[in-house]
Amino acid sequence: MIELVRIRKYQKKDKDDVRRIACDTGFVGRPIDPIFQDRDLWADALTSYYLDIEPESCFVVEDNGKVRGYLLGCVNLWKLELYISAIKMRMLGKIILRYLFAGYNKRTKKLIRYILFTRMGEEAKVVRNYAHLHINLEKGYRSRRIGTKLVQNFFDYLKKRNAKGCYAQTFGFRGSRSENFFRRLGFKEYDKVRIHIWDDYLKGAVYSVSMIKKFKTKNRKSFKH
Ligand SMILES: CC(C)(COP(=O)(O)OP(=O)(O)OC[C@H]1O[C@@H](n2cnc3c(N)ncnc32)[C@H](O)[C@@H]1OP(=O)(O)O)[C@@H](O)C(=O)NCCC(=O)NCCS
């Protein structure tokens with residue numbers, strides 16, 4: 001059978017698909033809807049910087065013309081941080097208005113309170129001066145080495161830009177396989193913090209984990225943490 005799945009650069013026309021997949025995989029690979037009912041807000045939070053400001057660092061998985069997964073990349077963390085400070089007040093206003101008037105259910109309101117008041121102290125450290133990525137595939141497209149190819153493709157992209165390396169943040173919990181996925185690609189654990197965002201939905205401890213991969217370059221000093 002001819003393999004029709006391919007990895008290509010993100011294009012503007014993919015935006016709705018990427019936003020949809022961000023929601024369909026938002027709860028550790030499962031749909032976010034039972035936990036958070038505002039897909040628009042969820043997709044904004046997860047994808048806007050990458051799709052609007054740094055689309056050149058984004059890639060999609062396409063099968064027969066349909067987008068089935070993505071990798072959203074950021075080469076310079078400071079750009080993302082600048083973006084967040086620029087939109088923070090507008091985003092906050094939107095969230096508060098919706099919290100008060102959009103008729104959200106209890107779970108949605110609880111998650112918003114968590115994000116606004118607790119999450120700051122519950123996130124594994126980011127890695128300064130390193131690029132980072134977010135990756136998600138639709139259900140039928142997992143365990144077929146597509147994720148591996150997407151990340152390797154991103155590494156090639158980063159190396160051409162002389163990046164020092166790359167990090168990714170993921171969730172660690174009993175039964176989670178994403179840490180292994182990154183380990184297989186040569187990532188190592190950089191930081192791990194116990195978090196409570198999914199306490200009502202997952203059994204056992206859940207961790208925010210940041211994982212790092214340093215690229216080998218001849219003239220650079222070794223990374224220490
Ligand atoms: C995590 C994810 C990107 C991995 O991509 P993938 O194409 O499924 O993974 P690959 O086939 O390239 O590699 C599989 C390896 O990664 C690990 N792995 C991670 N998640 C896995 C999953 N859901 N299914 C199977 N293997 C997984 C295993 O170690 C596996 O190795 P093995 O086959 O020897 O056991 C993809 O499964 C996914 O999108 N999952 C749901 C959402 C998610 O967890 N995203 C990560 C957020 S940081």
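Counting starts at 1 for both ligands and their atoms, following the listed order. Only this structure's heavy atoms are used, side chains among them; waters, hydrogens and symmetry mates stay out.
Of the protein's heavy atoms, Arg177 NH2, 3.2 Å lies nearest to atom 35 (O) of ligand 1. Considering only non-hydrogen protein atoms, atom 13 (O) of ligand 1 sits nearest to Arg145 NH1, 3.1 Å. Of all protein heavy atoms, the one lying nearest to atom 25 (C) of ligand 1 is Ser143 OG, 2.6 Å.
Atoms of ligand 1 found under 4.0 Å from any heavy atom of Ile135 (numbered from 1 in listed order, with element): 3 (C), 45 (N), 46 (C), 47 (C). Atoms of ligand 1 lying under 4.0 Å from any heavy atom of Thr170, numbered from 1 in the order shown and given with element: 48 (S). Which parts of ligand 1 touch Arg144 is read off a 4.0 Å heavy-atom cut-off, strictly below it: atoms 11 (O). Proximity to Gly29 (heavy-atom distance under 4.0 Å) selects the following atoms of ligand 1: 41 (C), 42 (C). Listed by atom number, the atoms of ligand 1 under 4.0 Å from Thr148 heavy atoms are 10 (P), 12 (O), 13 (O). Interface atoms of ligand 1 facing Leu137, defined by a heavy-atom separation under 4.0 Å, are 5 (O), 6 (P), 7 (O), 38 (C), 39 (O).
Taking the six-membered ring for Trp and thresholds of 30 and 60 degrees, His132 and Tyr50 have ring planes more than 60 degrees apart, a perpendicular arrangement.
A centroid separation of less than 6.0 Å is found between the aromatic rings of Tyr83 and Tyr49. Aromatic ring centroids of Tyr157 and Phe59 lie under 6.0 Å apart.
Below 3.5 Å of separation, one finds no N or O of Phe182 facing any N or O of ligand 1. For ligand 1, none of its N or O atoms has an N or O atom of Val28 under 3.5 Å away. Remark: ligand 1 and Asn136 share an N or O pair separated by less than 3.5 Å (distance only, no angle test). For ligand 1, the polar-atom distance check finds no N/O of Gln169 at less than 3.5 Å from any of the ligand's N/O atoms. Checked by distance only, ligand 1 and Thr25 stay at 3.5 Å or farther apart across all their nitrogen or oxygen atoms.
Relative to the six-membered ring of Phe215, Lys159 meets both conditions, a distance below 6.0 Å and an angle of at most 45° to the axis.
Distance remark: protein heavy atom not present below 4.0 angstrom from atom 2 (C) of ligand 1.
Between atom 9 (O) of ligand 1 and the options Phe181, Tyr141, Tyr70, the minimum heavy-atom separation is to Phe181. In the candidate list Arg142, Arg184, Glu179, Arg142 is nearest to atom 38 (C) of ligand 1, counting heavy atoms.
More than 12 heavy atoms of other residues, nucleotides or ligands shown are found within 6.0 angstrom of NZ on Lys109.
When every heavy atom of Cys58 is checked against every heavy atom of Glu54, the shortest pair comes out as SG-O, 3.7 Å.
With respect to the salt-bridge test (charged N to carboxylate O, under 4.0 angstrom), the residues Asp156 and Lys160 do not qualify. A salt bridge links Asp40 and Arg19; the closest N-O separation between the charged side-chain nitrogens and carboxylate oxygens is under 4.0 Å.
A side chain to side chain contact (heavy atoms under 4.5 Å, CB included) with Ser210 holds for exactly one of Val126, Asp191, Thr170, Val193; it is Asp191. Test Ile7, Leu150, Val60 against Leu71 for side chain to side chain contact (heavy atoms under 4.5 Å, CB included) and you get one pass: Leu150.
In this structure, Asn76 contributes its side chain and Trp78 its backbone to no donor-acceptor pair below 3.5 Å.
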